Amino acid sequence: MTETLKGISAQQQQEICDHMRSAQRILFITGAGMSADSGLPTYRGIGGLYNNEHTDDEMPIEVAISGDMLRRRPEITWKYLLQIAHSCHDASHNDGHKVIAEIEQAKKDTWVLTQNIDGFHSEAGTANLIEIHGTLDKVHCMSCDFEGMAKDISVDMDNLPPRCPKCGEVLRHEVVLFGEQLPEREINKLYHVLETGYDMVFTIGTTSVFPYIAQPVMLARQKGIPTVEINPGRTEVSHVVDYKIEDGAAKVLRALWETVKQ
Ligand SMILES: [Zn+2]
């Protein structure tokens, strides 16, 4: 007996599983709701961890973690990104991330497009990954070609920002700050996926307010490719998708995949 999922009928659940079974290339689009089962707060972008309008430095978080602030006062940006990184380090990937990695093992052309910067998809084993807003796991030098893992960088909270071990200039996280462009490397990967196509798309735990997050769903809809949303709340694409499951991401993904594998 398969587990009942909120928002869809048993018949619809069966249809989704049939689509998953026949699909060779599945695109998963994920946002904060994907990491909610890991205990991270669901927030929009990296600013949402802050419920107060202003940080303790008397400025909105959007200003504190902006590209402009990083250039002018990197110690401010570092302070708040470290707070966000800290909340991620207390958590880990969940079963939903694992299911997606398992599906990639079974269907090699499966891809993940995520707006999360927590690095959980990578940690769970997903290789075909587009981290469109970057990742807190990596740092690089703002001046030379040095790249490294954030966990390997020694950080002195009383002497921010950390400096490049090669040239001594300021290091930065590999995340897209407010006012910055999306990373070209990730955009190119997204173009590759859009060009080569996919047979099914899941949009999970994202409000889809960013056009590049909503677009693959809209394109799928136009082409008659099955679209599934997993989100307890209503979003920008809820009126577009074929199936809307109003339940938690990890539970839904595990239930569907166990049925498909049978
Ligand atoms: Zn350097």
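The structure displayed is predicted, hence computed values, not measured ones. We count ligands from 1, going down the list as the structure has it; atoms in each ligand are counted the same way.
- For the ring pair (Phe, Tyr, Trp, His ring centres under 6.0 Å) condition, the pairs that include at least one residue of residues 144-177, sequence neighbours left out, are W78-H173.
- Shown here are the protein N/O/S atoms lying under 2.8 Å from the Zn ion (ligand 1), water excluded: C141 SG, C144 SG, C164 SG, C167 SG.
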Exercise. When you look at Q262 and E258, which way does the side-chain hydrogen bond (donor to acceptor under 3.5 Å, both in side chains) test go after all the steps?
Worked result: CA-CA 6 Å; Q262 279 166 15; E258 291 306 312; over 6 Å; no

Exercise. Can F120 and M34 be said to form a side-chain contact (heavy atoms from CB on, under 4.5 Å), step by step?
Worked result: CA-CA 10 Å; F120 291 166; M34 184 75 215; over 6 Å; no

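- Taking the side chain to side chain donor-acceptor pair (under 3.5 Å) definition, one finds that E229 meets it with T235, S238, K244, sequence neighbours left out.
- Using a 4.0 Å cut-off between charged nitrogen and carboxylate oxygen, D242 and R221 count as a salt-bridge pair.
- For residues 135-152, the set of pairs meeting the salt bridge (Lys or Arg N to Asp or Glu O under 4.0 Å) definition, not counting sequence neighbours, comprises D145-K166.
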